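Let me begin by presenting the structure, written as structure tokens, before commenting on it.
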Amino acid sequence: MTDLNDPEAAQADAAARSLTGVTDDPGAANRALVVVVDDRAAHGEDQSLLGPLVCELLEEGGYHVDATVAVSGDEVEIRNALNTAVIGGVDLVVSVGGVGVRDRDVAPEATEPLLDRRLAGIEEALRSSGLAAGAADGGLSRGLAGVSGQTLVVNLANSRAAVRDGMATLIPLSHFIVDQLSEF
């Protein structure tokens with residue numbers, strides 16, 4: 001518990017809460033949307049199980065998840081889902097899947113035209129943490145991260161290990177970016 005009479009401790013507590021997305025105001029949750037690239041014919045793992053995992057991790061990280069949308073591994077469908085999230089004004093959109101090297105892995109190609117600014121630091125942090133955690137698909141992902149309007153857009157690889165590790169890396173960084181985007 002923070003000693004509110006100690007200004008340094010109170011400031012450190014506020015900074016930690018800001019970085020992790022923890023807030024004293026339960027109505028202040030940022031909004032997120034999850035896009036699952038569900039191409040079961042091309043992947044061994046049931047992608048429908050990853051959507052709820054991402055939602056759970058986002059909610060634990062202080063986000064309100066508006067919806068989970070499943071799309072096929074089609075570039076136009078992925079782009080439309082991401083664009084709808086951006087137009088809908090969510091703070092963060094996370095796509096899962098379609099970031100490998102197969103012909104049908106087109107999430108980065110669908111994402112790139114929507115981005116106003118790429119965030120190479122987040123992309124590299126996700127790959128680095130994926131390799132460190134032993135999630136080869138996370139570490140070798142072609143996934144992108146960037147800003148589209150006022151929305152942070154991030155592509156993650158499609159295994160449970162890559163999602164768990166990627167979200168642990170992404171959540172604190174996302175709150176920092178979303179806070180910067182909301183400042184005028």
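Throughout, residue positions are numbered sequentially from 1 according to the sequence presented. Remember, predicted model here, so these are calculated numbers, not experimental data.
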Are side-chain heavy atoms of [X] and [Y] found at a separation under 4.5 Å?
X	Y	result
Thr111	Leu82	yes
Leu58	Met167	yes
Asn158	Leu50	yes
Val153	Val147	no
Ile171	Leu57	no
Val37	Val96	no
Leu119	Leu152	yes
His64	Asn30	no

First locate atom [atom1] of [X], then atom [atom2] of [Y], and finally report the distance between them rounded to the nearest 0.5 Å.
X	Y	atom1	atom2	answer
Gln150	Ile177	CD	CD1	12.0 Å
Thr151	Leu115	OG1	CG	10.5 Å
Leu92	Leu173	CG	CG	11.0 Å

Is [X] reaching over with its side chain to a backbone N or O of [Y], donor-acceptor style, under 3.5 angstrom?
X	Y	result
Asn155	Leu144	yes
Asp179	Phe176	no
Ser148	Leu114	yes
Asp165	Gly130	yes
Thr68	Val34	no
Arg127	Gly143	yes

Indicate, with yes or no, if Leu140 and Val99 share a hydrophobic cluster defined by side-chain heavy-atom contacts under 4.5 Å among Ile, Leu, Val, Met, Phe, Trp and Tyr.
no
Transitive ILVMFWY side-chain link Leu131 to Leu170, under 4.5 Å:
no
Do Arg31 and Asp66 meet the salt-bridge criterion of a basic N to acidic O distance under 4.0 Å?
yes
Do NZ/NE/NH1/NH2 and the carboxylate oxygens of Glu109 and Arg79 come within less than 4.0 Å?
no
Please report the shortest heavy-atom distance between [X] and [Y], naming the atom on each side.
X	Y	value
Ser72	Glu77	OG-OE2, 3.1 Å
Ala145	Val154	CB-CG2, 4.1 Å
Gly166	Leu156	CA-CD2, 4.2 Å
Tyr63	Ala29	C-CB, 4.3 Å
Ala157	Ala162	CB-CB, 3.7 Å

Any chance the side chains of Asp137 and Ser159 put a donor and an acceptor closer than 3.5 Å?
yes
What verdict does the salt bridge (Lys or Arg N to Asp or Glu O under 4.0 Å) test give for Arg142 and Glu123, after you've listed the backbone C-alpha separation in whole Å, the side-chain angles of each residue and the deciding distance to 0.1 Å?
CA-CA 9 Å; Arg142 296 184 313 113; Glu123 295 171 6; over 6 Å; no
